[in-house]
Amino acid sequence: MDATPLNTLVLTVVFAAIALYALYFVVRAGVRDGILQAKKVSQEPSSREQQ
């Protein structure tokens with residue numbers, strides 16, 4: 001029995017897992033930065049409140 005199809009499947013799964021793991025951290029950092037930016041904007045006094 002040749003293991004080539006199994007090796008191909010395992011490599012595909014491993015590379016997909018690595019890519020999804022990297023994507024997870026990119027999305028996580030984007031969400032974190034978006035939350036921090038929204039908090040910063042909400043803490044600044046708006047121009048309507050100053051008038």
Side-chain angles (χ1 to χ4, degrees):
M1 180 177 164
D2 192 14
T4 304
L6 182 61
N7 288 341
T8 304
L9 177 64
V10 169
L11 280 176
T12 302
V13 169
V14 168
F15 284 131
I18 292 169
L20 289 173
Y21 195 64
L23 180 63
Y24 166 75
F25 279 105
V26 169
V27 170
R28 183 178 167 186
V31 170
R32 180 198 63 221
D33 292 343
I35 290 171
L36 291 174
Q37 186 178 17
K39 284 182 181 178
K40 183 178 178 182
V41 168
S42 69
Q43 289 176 353
E44 293 175 355
S46 66
S47 59
R48 281 188 249 153
E49 291 175 357
Q50 292 176 351
Q51 292 177 355

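Counting begins at 1 with the first residue of the sequence.
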Checklist entry - Which pairs count as side chain to side chain donor-acceptor pair (under 3.5 Å) when at least one residue sits in residues 4-25, sequence neighbours excluded? => result Asp2-Thr4

Next on the checklist: Heavy-atom count check: over 12 atoms from other residues, nucleotides or ligands less than 6.0 Å from Phe15 CZ?
Outcome noted: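 Check fails, neighbour count at 12 or below.
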
Checklist entry - To the nearest 0.5 Å, how far apart are NZ in Lys40 and CG in Leu36? => result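 Those atoms lie 10.0 Å apart.
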
Item to check | Joint hydrophobic cluster, Val31 plus Leu23, side-chain heavy atoms closer than 4.5 Å | outcome: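 Val31 clusters together with Leu23.
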
